[in-house]
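A short worksheet on the structure shown next.
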Amino acid sequence: MSMDSGEEVSSREVKRILKDCVDNEDKKKPLTDDALCDILKEKGYNIARRTVAKYREQLDVPVARLRKEL
DNA sequence: AATTAGCATTAAAT
DNA sequence: ATTTAATGCTAATT
């Protein structure tokens, strides 16, 4: 059995969810950090928008504006 | 050290 | 040009 702390696991979970959300988003209307934060809240993760932004950076995902395509 | 609140800055919308 | 929305910055908190 793993000896990882629960927090380490959940931060990985959150990052996985963020990746999925961005991969499946409508590229004409990309999800903002705020929107991602709301989605996580609905899934039961109460994490601040600034933290979402930092996770996004750690995942090398650019800000919503730059993900938008014509 | 990681997360967050409050404010500052920048880009987009009107 | 003004207002609003999205993101960044830094200090405070835990």
Side-chain angles (χ1 to χ4, degrees):
Chain A
M1 294 294 282
S2 163
M3 294 179 56
D4 276 356
S5 74
E7 294 212 349
E8 169 106 57
V9 171
S10 57
S11 91
R12 285 188 184 187
E13 276 181 7
V14 168
K15 287 180 190 176
R16 197 201 77 235
I17 294 168
L18 288 176
K19 191 72 173 357
D20 288 352
C21 287
V22 171
D23 286 346
N24 302 352
E25 79 190 350
D26 177 2
K27 297 300 179 185
K28 304 226 171 208
K29 294 155 192 167
L31 297 163
T32 65
D33 292 343
D34 227 20
L36 291 166
C37 189
D38 288 346
I39 291 169
L40 287 172
K41 182 158 279 185
E42 285 170 4
K43 293 186 178 299
Y45 299 93
N46 278 61
I47 143 183
R49 176 235 112 197
R50 295 120 191 129
T51 309
V52 171
K54 288 188 174 177
Y55 284 172
R56 178 175 50 68
E57 287 165 11
Q58 289 171 27
L59 291 166
D60 295 300
V61 175
V63 301
R65 187 170 24 105
L66 299 176
R67 275 182 267 126
K68 180 168 181 173
E69 53 188 42
L70 184 69

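In what follows, chains carry the letters A, B, and so on, assigned in the order in which the sequence lines appear, proteins first and then strands, with residues in each chain numbered from 1. Fair warning: this is a prediction, and the values are worked out from it, not measured in the lab.
- A heavy-atom distance below 4.5 Å is not found between the side chains of A:L18 and A:V61.
- Atom P of nucleotide B:dA12 and atom CZ of A:R65 are separated by 5 Å, given to the nearest angstrom.
- If you take CG on A:N24 and NZ on A:K19, they are separated by 10.5 Å, rounding to the nearest 0.5 Å.
- Contact annotation: A:Y55 side-chain N/O to B:dT3 OP1/OP2 distance is under 4.0 Å.
- The distance from atom CD1 of A:I47 to atom P of B:dA5 is 11 Å, rounded to the nearest whole Å.
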Using a cutoff of under 3.5 Å, can you pull out all pairs of nitrogen or oxygen atoms linking the protein to nucleotides 8-14 of chain C, with atom names and distances?
unit_1: C:dG8; atom_1: OP2; unit_2: A:R56; atom_2: NH2; d: 2.8
unit_1: C:dG8; atom_1: N7; unit_2: A:R49; atom_2: NH2; d: 2.9
unit_1: C:dG8; atom_1: O6; unit_2: A:R49; atom_2: NH1; d: 3.4

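- Taken from CZ in A:R56 to CG in A:L31, the straight-line distance is 11.5 Å, to the nearest 0.5 Å.
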Contacts table for residues 35-49 of chain A: side-chain donor-acceptor under 3.5 angstrom, sequence neighbours left out:
unit_1: A:Y45; atom_1: OH; unit_2: A:E13; atom_2: OE1; d: 2.6

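- Each of A:K68 and A:S11 was matched to the nucleotide of DNA chain B holding its nearest heavy atom; the match closer to the 5' end belongs to A:S11.
- Looking only at distances, a side-chain donor or acceptor of A:K28 sits under 3.5 Å from a matching main-chain atom of A:L70.
- With rounding to whole Å, A:R67 atom CZ is found 14 Å from B:dA12 atom P.
- Judged as a salt bridge (charged side-chain N to carboxylate O under 4.0 Å, His left out), and not counting sequence neighbours, the contacts of A:E25 are A:K27, A:R67.
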